[in-house]
Amino acid sequence: MFYPSIIENLARNAQNNPDKLCLADEKQALSYKEIWDAVCGLSMELDKRGVSKGSCVVVECDQSVNYMIFEFAIQLLKGIFVPLEKNAALSRVLEIAEDTKACLHVAKKPAEGLDIPHMDINSAVDFSLGCERNGVYYGSIDDLEVIDFPKAEDVSEILFSTGTTGKSKGIVLTHGNDVAIAENVCTGVKMKPDNIEMIPMPTSHSHGLRRTYANMANGSSVVFVDGIMLLKKVFKMMNEFGVTSMDLSPSMLSIIFKLSKDKIGEYADVMDYIQLGSAPLSEEDKEHLSRILPKTRLYNFYGSTEAGCSCLMDFNEAQKAPGCIGKPAVNAHFIVVDEDRNEIESSIDNLGFLASKGSINMKEYFNAPELTKEAMPNGDYIYTKDLGYIDEDGYVYMLGRKDDVINFGGVKISPEEIESQIIKNDWIADCACIPVDDPLTGQAPKLYITLSEDAVANGYDLKEFKKFLSEVIDANKQPKFIEEIAEIPRTFNGKIIRKQLIALNK
């Protein structure tokens, strides 16, 4: 049973299992009772500073326990949590604080030019209950019936996108949304009560936040690390806290393989599952992970900030064609529509646009009614520009954004389908496939590649590479152009920024 808000779920779990590990980072590890005492005490301090129902608080992420304590304290007051990424640009802090009319700014240091009160994020536990301060004992709140917890329909947070162009969109989410997404994650990965999940994904964005929520709702434990580049620290914390699951992006997994080879395979007997998201997982990495972690369940989530964790691919149960994103999660329903948003009977030969509905769907875009109406005109389905279909077994396929899918003389080519084969080549460190204009076929696939260290050191043979392409990619889907590039542009969580590559060809 889940309660209407993540903070109430956390409180109930603190009551039932007070000494159980709740949140940990490289500096501190706190039990459920300690987190609940810190959240209650901090909420009282925030109340004194003017935080109340509906007021926004901008919090700059530092991937820590303190950061999450601030979030939950804000939400306990029915305030609105507005997270910003670590080291956010000053202009972005000022813009979002102004747009949301934030009443407080929380970060390691004040933002120059921001005319609202500031709190140091490291002060999160300074106001904890259940302890003595200045000779005065502040008792814990054990009777949860005196707490007026947020309702499911109350707004919990506004998550701002980090688009490469234009102004960020604010996605308004309710406590009910957060809980429904948490249920999708918990049921999707078959999360156990004693789960201890490592989360290196930024908790300033939906991916990392939602995995944290799922564990809090489930009464499990979360260990935060700030990325995975410092692998010695990652493995040290895995050992210290007895980590049993991980949340990664495919790019993070690739980095782990490249920097530590098969070391993660040493955890084959303790790793219950690994969940991935934010971008498709290459077939090569999928097969390699299954080989070195044969007992570990592997999942990939499809979703968006607007409709998170809506579809789940269980690699252990199904071997499907490239582009398969699995089956809808428990709180999601998918259909495929045409250009006019009429539902169609879709197939590989009759593609349409994916649309989904469910209690996970956002409330609205912040201060953007026209944008909201465009995305969800009837208030139920959120319509996307993702081209795909649903097969006879109920599996959903996403072949790419409308602008990304390549129409090569009538043949529809998914960039991910090409990339998943190219990345298997030892000469290739990274790759991206895009559509370019072609006078004969309308469009043609162009392949950008970055060479691996082995290719740079020992030589790269274009003729041999083209021979490899002919062996792994159908003749009518062969890249017409191939270009080397120093680096494939990607977002913070590993998604290819195709617009940048397409712009190079205009």
Side-chain angles (χ1 to χ4, degrees), residues 185 188-192 195-201 207-208 211 214-215 223 225 227-239 241-303 309 311-327 395 398 416-426 428-431 452 454 472 488 490 493-496:
V185 174
V189 302
K190 303 181 181 73
M191 190 182 292
K192 297 174 181 176
N195 187 54
I196 303 173
E197 187 152 348
M198 175 168 278
I199 299 181
M201 294 292 288
H207 190 112
R211 276 58 180 188
N215 281 278
V223 178
V225 290
I228 48 82
M229 295 305 293
L230 299 176
L231 274 177
K232 278 189 177 180
K233 180 173 68 177
V234 170
F235 289 122
K236 177 178 179 292
M237 293 181 71
M238 287 176 68
N239 295 332
F241 293 105
V243 167
T244 61
S245 64
M246 294 184 77
D247 170 45
L248 300 168
S249 67
S251 59
M252 283 183 171
L253 182 62
S254 295
I255 291 170
I256 289 175
F257 285 156
K258 288 177 181 177
L259 297 183
S260 70
K261 296 187 178 179
D262 291 347
K263 185 171 176 60
I264 197 169
E266 296 175 9
Y267 299 85
D269 292 332
V270 296
M271 193 63 62
D272 189 37
Y273 67 81
I274 293 178
Q275 56 173 315
L276 301 115
S278 81
L281 178 66
S282 74
E283 293 298 312
E284 180 186 34
D285 282 351
K286 184 195 309 179
E287 292 170 5
H288 187 65
L289 196 59
S290 298
R291 190 162 54 249
I292 64 175
L293 294 174
K295 301 177 185 176
T296 303
R297 301 191 306 282
L298 307 176
Y299 303 98
N300 199 88
F301 270 105
Y302 164 88
C309 304
C311 206
L312 176 72
M313 182 66 185
D314 183 345
F315 296 132
N316 313 278
E317 294 181 358
Q319 295 296 320
K320 308 297 286 185
C324 184
I325 56 174
K327 288 190 173 182
Y395 284 94
M398 195 275 283
E416 286 89 353
E417 181 182 358
I418 303 295
E419 292 154 0
S420 67
Q421 297 300 319
I422 305 300
I423 201 66
K424 295 178 180 180
N425 191 287
D426 291 338
I428 306 303
D430 201 359
C431 64
S452 66
D454 181 62
V472 298
I488 301 296
R490 291 182 178 271
N493 58 2
K495 292 182 180 179
I496 297 170

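Scope of the values below: all heavy atoms of this structure, side chains included, with no hydrogens, waters or symmetry mates.
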Fill in the blank from the handout: Output for pair (Leu298 CG, Leu276 CG), nearest 0.5 Å, gives 7.5 Å

Exercise for the section: Verify, without hydrogens or angle tests, whether Thr244 (side chain) and Val270 (backbone) share a donor-acceptor contact under 3.5 angstrom. Expected result: no

Practice task
Flag the pair Ser245 / Gln275 as yes when at least one side-chain heavy-atom distance between them is below 4.5 Å, and no otherwise.
Solution key: no

Exercise for the section: Apply side chain to side chain donor-acceptor pair (under 3.5 Å) to the pair Asp272 and Asn195, showing each step before the final yes or no. Expected result: CA-CA 8 Å; Asp272 189 37; Asn195 187 54; over 6 Å; no

Problem - pair Lys263-Leu231: side-chain heavy atoms closer than 4.5 Å - result: no

Fill in the blank from the handout: Shortest non-hydrogen pair, Met252 vs Gly227, comes out as CE-CA, 4.4 Å

Practice task
State, to 0.1 Å, how close Gly265 and Leu293 come at their nearest heavy-atom pair, and which atoms those are.
Solution key: CA-CD2, 3.9 Å

Handout entry: Shortest non-hydrogen contact from Val243 toward Met237
Key = CG2-O, 4.2 Å

Exercise for the section: Can you measure from CD (Gln421) to CD1 (Ile428) and round to the nearest 0.5 angstrom? Expected result: 13.0 Å

Problem - Lys327 and Tyr395, any side-chain heavy atoms less than 4.5 Å apart - result: yes

Exercise for the section: Specify the closest pair of heavy atoms between Val185 and Cys309, including all atoms of both residues, with the distance to one decimal. Expected result: CG2-SG, 3.7 Å

Completion exercise
Checking Lys190, Glu197, Arg297 against Tyr273 for side-chain hydrogen bond (donor to acceptor under 3.5 Å, both in side chains), the one that qualifies is Glu197

Problem - Flag side-chain contact, heavy atom, 4.5 Å: Asp426 against Ser452 - result: no

Practice task
Could you check whether the rings of Phe235 and Tyr267 sit parallel, tilted or perpendicular, using 30° and 60° as the cut-offs?
Solution key: parallel

Completion exercise
On a heavy-atom basis, the closest approach of Val223 and Ile196 is CG2-CG2, 4.0 Å

Problem - Heavy-atom side-chain proximity of Met198 to Val234 below 4.5 angstrom - result: yes

Fill in the blank from the handout: Heavy atoms of Ile423 and Cys431 approach each other most closely as N-SG, 4.3 Å

Problem - Heavy-atom side-chain contact between Asp262 and His288 under 4.5 Å - result: yes

